[in-house]
Amino acid sequence: MSVLDVSIPKFDGPDLLNAEVVLNRSELFRAECKRLISESESEIAYQRVRDIQFLKKEVELKLEELIPEIDALEALQSRVVKALAMNQDAMKVTLLCLEARRKRAPSDRVHDAVDAELLKECSMFQEVTGLLQIVLEQIAEQIRLNRSAKFYLEQDLKEKFQAQNIDNSCALMTMQTIPNIATVSPKQWENISDLNIARAEQQKNNSLSLRALVESLLAQSADDMQKQFRSTNEALQLNIQLLKAAKTQLEDKLPKVGLNVRIREDLLAAVAESEQFLSLAQARLLLRKERPGKEQCLDAPQVQLLAEVEQLNLHITKLREELAQSEEEQRALARCQLELQENIDIKTNSLYIDEVVCMQLREPIVICHV
């Protein structure tokens, strides 16, 4: 059989048409699948971007709330440091006043109202100093916690920014070009930001509570210290008035002692004068003894002279007795004068300590709300 004898099969027209239709449908189905896959990939990528943007916004808001709170705490910390320094300066003055008052004379070194107020003042300042130091430690710790929360928020924000850029690029990628990278689950991913936000919220609330407590403490302690400082000043002013009155009273007595000294001098002068009169009367009697024998009679002048001598002797004796008593009194007055002068010096010293030393030490001290 030759090649020409081989029969060639013939295809009818309808079979070719069906094959073409099937082929077209297959192409359309494949194209639709690719479109659905592409849309699914894009939707996943864009949803991830939206999730990142949402969490990024939440983190930014919390960071905006936390940063001013850190600034407010740092400002409050400075105020507490200032209040502590003011309190310590005032306490130093109180201690100096107590030390100065110990230098009073033993007779004036009594536990008076001023000492009582100074001791109360010192005790209050010590208590407030202790509280402020504790508060400073609490503020420093809270600032540390706030900064820690801020750090985690900033890190989270930085990572969210990087992730957003990456996912924006991923939205343009296909399944074939996305590398297979092990990562956390979406729930874990959300929990990280939620934990950072919750931590920041907790520290912010703690910070607000601490600031409210410290503000109250600063106000109350300033009021208490001002009240005690005024009470001490009032006690000092009253004691200064009492010291001035006592000093004035002593100074008024001092001239009276001097007056008694002048009385003794008057007595001495009176004795001397009476003795001169006595000498004169005795000289007259001696002179009359030189009269002639017949003329030496007890006449009126002789009687008068004798009476005068007797009277002068009695007067001089009495003056000498008064003078002796005056000398005894003079010694007592001298002791009294010495005691008066010593007491005046004591009051002067005590007055100087309270009015000059203590008041001048306390004058520059200003206790106020910081």
Side-chain angles (χ1 to χ4, degrees), residues 58-99 115-159 191-233 361-370:
E58 291 292 309
V59 171
E60 286 174 344
L61 289 174
K62 193 55 60 181
L63 193 59
E64 289 174 1
E65 293 176 3
L66 190 60
I67 290 174
E69 191 59 36
I70 294 174
D71 294 339
L73 263 185
E74 288 175 343
L76 183 61
Q77 186 181 41
S78 298
R79 289 171 55 202
V80 174
V81 169
K82 183 179 178 181
L84 183 60
M86 179 181 67
N87 184 73
Q88 289 174 335
D89 289 342
M91 186 166 66
K92 287 178 184 176
V93 167
T94 303
L95 293 173
L96 287 173
C97 288
L98 284 168
E99 183 180 351
D115 271 351
E117 294 297 335
L118 282 170
L119 290 172
K120 284 168 60 179
E121 190 173 271
C122 185
S123 176
M124 177 175 290
F125 288 156
Q126 288 175 341
E127 182 180 351
V128 171
T129 295
L131 287 174
L132 292 178
Q133 287 173 340
I134 292 172
V135 162
L136 272 180
E137 293 173 1
Q138 292 176 338
I139 292 175
E141 176 61 15
Q142 189 58 55
I143 289 174
R144 187 192 68 79
L145 292 172
N146 287 1
R147 286 174 176 168
S148 175
K150 175 175 172 284
F151 170 80
Y152 284 109
L153 287 175
E154 288 174 338
Q155 285 295 108
D156 197 5
L157 195 61
K158 180 181 177 182
E159 291 172 359
N191 286 343
I192 292 172
S193 294
D194 290 342
L195 179 62
N196 290 334
I197 291 171
R199 181 192 293 114
E201 179 67 19
Q202 180 64 44
Q203 297 310 325
K204 186 193 76 171
N205 292 335
N206 291 346
S207 183
L208 288 170
S209 299
L210 179 60
R211 283 202 296 120
L213 176 65
V214 174
E215 291 286 359
S216 175
L217 174 63
L218 287 175
Q220 187 62 49
S221 61
D223 288 341
D224 291 344
M225 288 189 296
Q226 284 175 348
K227 183 178 178 181
Q228 182 56 50
F229 205 75
R230 284 195 299 268
S231 296
T232 305
N233 283 347
L361 281 170
R362 297 172 70 82
E363 186 177 357
I365 297 300
V366 178
I367 298 175
C368 59
H369 295 269
V370 294

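Note that this is a predicted model, so its numbers are computed, not measured.
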Salt bridge present between Glu215 and Arg79 (N-O < 4.0 angstrom): yes

Any chance you could measure Gln202, atom CD, to Leu145, atom CG, to the nearest 0.5 Å? 10.0 Å

Would you say Met86 and Val366 make side-chain contact, with heavy atoms under 4.5 Å? no

As a quick check of understanding, evaluate side-chain contact (heavy atoms from CB on, under 4.5 Å) for Asp223 and His369, giving each step before the final call. CA-CA 8 Å; Asp223 288 341; His369 295 269; 3.0 Å; yes

Do Ser216 side-chain atoms and Ala212 backbone N/O form a donor-acceptor pair below 3.5 Å? no

Distance, nearest 0.5 Å, that separates CE of Met124 from OG1 of Thr94: 11.0 Å

Check this for me: does any side-chain nitrogen of one of Glu154 and Lys158 sit under 4.0 Å from a carboxylate oxygen of the other? no

Any Leu132 side-chain heavy atom under 4.5 Å of Leu218 side chain: yes

Side-chain donor or acceptor of Ser221 paired with backbone N/O of Leu217 under 3.5 Å: yes

Considering non-hydrogen atoms only, spot the tightest contact between Gln226 and Ile367 and give its length. NE2-O, 2.6 Å

List the residues meeting side-chain hydrogen bond (donor to acceptor under 3.5 Å, both in side chains) with Gln126, not counting sequence neighbours, and say none if there are none. none

Inter-residue atom distance Arg147.CZ - Ile70.CD1, 0.5 Å rounding: 7.0 Å

Value rounded to 0.5 Å, distance of CD in Glu60 from CD in Glu65: 12.5 Å

Before giving the answer on side-chain contact (heavy atoms from CB on, under 4.5 Å), spell out for Gln220 and Asp224 the whole-Å C-alpha distance, their side-chain angles and the decisive distance to 0.1 Å. CA-CA 6 Å; Gln220 187 62 49; Asp224 291 344; 3.0 Å; yes

Side chain Glu117, main chain Ser231, donor-acceptor under 3.5 Å: no

Please assess Ile67 against Asp71 for the test side-chain contact (heavy atoms from CB on, under 4.5 Å), listing each intermediate value before the final yes or no. CA-CA 6 Å; Ile67 290 174; Asp71 294 339; 4.0 Å; yes

State the CZ-CG distance between Phe125 and Leu95, to the nearest 0.5 angstrom. 10.0 Å

Decide, yes or no, whether a salt bridge links Glu121 with Lys227 under the criterion of side-chain N to carboxylate O below 4.0 Å. no

side-chain hydrogen bond (donor to acceptor under 3.5 Å, both in side chains) partners for Glu69, two or more places apart: Ser207, Arg211

Any heavy-atom pair between the side chains of Ser209 and Leu213 that's under 4.5 Å? no

Do Val93 and Asp89 have side chains that get closer than 4.5 Å, going by heavy atoms? no

Kindly indicate, with the supporting measurements, whether the criterion side-chain contact (heavy atoms from CB on, under 4.5 Å) is fulfilled by Asn196 and Arg199. CA-CA 5 Å; Asn196 290 334; Arg199 181 192 293 114; 2.9 Å; yes

Is the backbone of Tyr152 close enough, under 3.5 Å, to the side chain of Asp156 for a donor and an acceptor to pair up by distance? no

Please name the residue in the list Arg362, Glu363, Gln228 that meets the side-chain hydrogen bond (donor to acceptor under 3.5 Å, both in side chains) test with Asn233. Arg362

Separation between SG (Cys122) and CE (Met91), nearest 0.5 Å, reads 6.5 Å

Scanning both residues in full, the closest heavy-atom pair of Cys368 with Ala222 reads O-CB, 4.0 Å

Hits for side-chain hydrogen bond (donor to acceptor under 3.5 Å, both in side chains) against Glu141, two or more places apart or cross-chain, chain-then-number order -> Arg144

